[in-house]
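To keep things clear, I will list the structure first and then write my remarks on it.
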Amino acid sequence: MPIDQRRAPIYEALERFRRMRVVPFDVPGHKHGKGNPELVAFLGQQCVEIDVNSMKPLDNLCHPVSVIREAEILAADAFGAENAFLMVGGTTSSVQSMVLSACKRGDEIILPRNVHRSVINALVLCGAVPVYVNPDVDSRLGISLGMQREQVRRAIEEHPNAVAVLVNNPTYYGICSDLRAIVKMAHDAGMLCLADEAHGTHFYFGDELPVSAMAAGADMAAVSMHKSGGSLTQSSFLLTGPSIQAGHVRQIINLTQTTSGSYLLMSSLDISRRNLALRGKKIFSRVSAMADYARGEINASGGYYAFGRELINDDSIFDFDTTKLSVHTLDIGLAGIEVYDILRDEYDIQIEFGDLGNILAYLSIGDRPQEVERLVSALSDVRRRHGKKATGLLTQEYIDPQVVATPQDAFYAEKVSLPLEETEGRVCSEFVMCYPPGIPILAPGERITKDILNYIRYAKSKGCSMTGPEDPDILHLNVLK
């Protein structure tokens, strides 16, 4: 059967189902909204009518054989993959299924330390052993960069029994490693190459954007459609190449993913895939142009540094995602998180995140030039009204960890809760991170140092949203006994 990207099989099946006026004696219990009128008033009748359970006409996400399977085939074709899996647990679920498909207890996996917590969560679950390639850090911007080719080569040489290499494509800030070279090194050593593409959906639909994981020959990629692809929050794809056994991946996914897949999420993936397949290149060309315009205007206004392709150094910054509007703020005397708060509280502008030195405005398919102009104007006004001398501001976003135990061993070990100031030198048994971006400052099994404690205190004082520990106030940490 020829592939027709104009199709949206799940959406089409749901439309047929709505017209049938079926009397529901199954779940969900709201019965097309009749049992919860407040929900209907909030979400709308059309929305709740398609919040339905798996049934023969609508297929089953755990074992798709009809419309969901057709949607997967269309997605695989659109993304240049051998297989695609619809994921309704967010890209966290995609990343974890990817790692769990490749690794088992005791296996080594080579990865950068500036990964999302979902990667290390997967190591907690499966017991794999991380071999960290600590990324370079841009000392001016205070951000972690990509993986250097030589560091990856050395890690593969020193750990020949590792089963996989995992790469961020791109990082939260838009920085890409030399993915093609890393894929070749991994494959030459008999290892898989996995890509966390939570922030790289658009790479599959842009002629001037960095290479996508599937085009680079990676074996698996977790793709966050809800971020730049336009689908509903919590919907994602897991893509696999020809070397990966699809049946095994499906079994891994079914270990943790819900048996009650949301048709709202699945149909949003279906419709959004169709949109990108038909119009994605034009859409993301426009998005890149808007981001380039904003970079130029922000840099011309003075004080800020909206960084871009000029950072490329052919190694740790092999390429740059031009849709990412990342802006360094310290030269106007404000931490990124302070600019983030001011934009929200005083200008009604919600950007993606602010860390200690930078902000990220996430531009994608729904943005318009007038909104970009409003952001540019607001940033100029923030500098004029709130800017001050840049003194006493921390710049470091990434601190090399001292790994003492595997994430799984540390997470499940006997532990004790200590006041933060008494934890220096101890081994952490939980996560600490600013979210977003969700890159752990501390992960289970890592030693707590003075620099890390200072970073945590400073980030809290600046208003960063700190998550991870059992103690929500992060006044105590769990450490190994």
Side-chain angles (χ1 to χ4, degrees), residues 3 5 69-87 91 93-102 111 115-116 119 146-147 152 164-171 174-188 191-231 235-250 252-253 269-270 272-281 283-284 318-321 323:
I3 301 292
Q5 289 293 343
R69 182 67 191 128
E70 290 175 40
E72 291 180 337
I73 291 169
L74 285 162
D77 178 73
F79 285 83
E82 187 75 10
N83 287 284
F85 302 85
L86 276 66
M87 307 295 292
T91 309
S93 178
S94 298
V95 167
Q96 290 178 345
S97 295
M98 178 171 69
V99 174
L100 294 175
S101 296
L111 67 161
V115 291
H116 188 265
V119 176
M147 301 166 81
V152 176
V165 179
L166 186 142
V167 188
N168 294 318
N169 193 49
T171 69
I175 290 165
C176 298
S177 304
D178 187 351
L179 186 55
R180 283 194 174 98
I182 293 171
V183 167
K184 186 177 188 309
M185 284 189 277
H187 287 174
D188 287 348
M191 303 174 188
L192 298 175
C193 185
L194 318 177
D196 180 348
E197 285 190 311
H199 301 281
T201 305
H202 46 291
F203 289 3
Y204 292 86
F205 306 97
D207 292 328
E208 304 300 321
L209 294 173
V211 67
S212 69
M214 291 294 107
D219 299 285
M220 303 181 77
V223 176
S224 192
M225 275 292 281
H226 73 89
K227 289 186 170 71
S228 61
S231 64
S235 57
S236 177
F237 283 127
L238 178 57
L239 309 177
T240 63
S243 66
I244 301 298
Q245 185 182 349
H248 172 66
V249 175
R250 181 86 67 193
I252 294 293
I253 291 170
L269 282 170
D270 201 22
S272 299
R273 180 271 314 154
R274 180 175 66 179
N275 184 44
L276 296 188
L278 298 179
R279 294 174 282 273
K281 288 193 176 183
I283 288 170
F284 289 115
F318 186 78
D319 208 344
F320 185 82
D321 174 9
T323 72

Between the side chain of Asn168 and the main-chain N/O of His116, is any donor-acceptor distance below 3.5 Å?
no

To the nearest 0.5 angstrom, please state how far the CG atom of Asp321 sits from the CG atom of Asn169.
9.0 Å

Tell me, please, which residues at least two apart from Gln5 pass side chain to side chain donor-acceptor pair (under 3.5 Å).
Asp77, Arg273

Please identify each residue that fulfils salt bridge (Lys or Arg N to Asp or Glu O under 4.0 Å) with Lys281, with sequence neighbours left out.
Asp207

Can you name the side chain to side chain donor-acceptor pair (under 3.5 Å) partners of His199, sequence neighbours left out?
Tyr362

Using side chain to side chain contact (heavy atoms under 4.5 Å, CB included) as the criterion, list what pairs up with Ile244, not counting sequence neighbours.
Leu192, Asp219, Met220, Thr240, Val249

Sequence neighbours excluded, the answer for ring pair (Phe, Tyr, Trp, His ring centres under 6.0 Å) partners of Phe79 is Tyr204, Phe205, Phe237

In Å, rounded to the nearest 0.5 Å, how long is the span from OG of Ser235 to CG of Asp270?
11.0 Å

Show your reasoning for whether side-chain contact (heavy atoms from CB on, under 4.5 Å) applies to Ser97 and Phe85.
CA-CA 10 Å; Ser97 295; Phe85 302 85; over 6 Å; no

Any carboxylate oxygen within less than 4.0 angstrom of a Lys/Arg side-chain nitrogen, looking at Asp188 and Lys184?
yes

Counterpart residues, side chain to side chain contact (heavy atoms under 4.5 Å, CB included), relative to Ser177 (two or more places apart):
Met147, Val167, Ile182

Starting at CE of Met98, measure out to CD1 of Ile252 and round the result to the nearest 0.5 Å.
13.0 Å

Under the salt bridge (Lys or Arg N to Asp or Glu O under 4.0 Å) test, which residues partner Arg250, sequence neighbours left out?
Glu72

Set of residues satisfying side chain to side chain contact (heavy atoms under 4.5 Å, CB included) with respect to Ser236, sequence neighbours excluded:
Met87, Thr91, Ser94

If you look at every heavy atom in Gly217 and His187, which pair is closest and at what distance?
O-CE1, 3.2 Å

Return the set of residues passing salt bridge (Lys or Arg N to Asp or Glu O under 4.0 Å) with Asp196 (not counting sequence neighbours), or none when no residue passes.
none

Which atom pair, heavy atoms only, marks the closest approach of Ala213 to Leu179?
CA-CD2, 3.6 Å

If the condition is ring pair (Phe, Tyr, Trp, His ring centres under 6.0 Å), which residues does Phe284 pass it with, not counting sequence neighbours?
His202

Pro210 and Phe318, any side-chain heavy atoms less than 4.5 Å apart:
no

What's the spacing between Ser93 OG and Ile253 CD1 if we round to 0.5 Å?
7.0 Å

Nearest 0.5 Å, what's the CG-CD distance between Leu239 and Glu197?
7.5 Å

Applying side chain to side chain contact (heavy atoms under 4.5 Å, CB included), name anything that partners Ile73, two or more places apart in sequence or on another chain.
Ile3, Arg69

Of all residues at least two apart in sequence or in a different chain, which pass the side chain to side chain donor-acceptor pair (under 3.5 Å) check with Asp319?
Arg309

Search all heavy atoms of Ala78 against all heavy atoms of Ala277 and return the closest pair with its distance.
CB-CB, 4.2 Å

What's the separation between atom CG in Leu111 and atom CG in Leu194, rounded to the nearest 0.5 Å?
9.5 Å

Take Val211 and Arg180 through the side-chain contact (heavy atoms from CB on, under 4.5 Å) test and state the conclusion after the steps.
CA-CA 8 Å; Val211 67; Arg180 283 194 174 98; 3.4 Å; yes

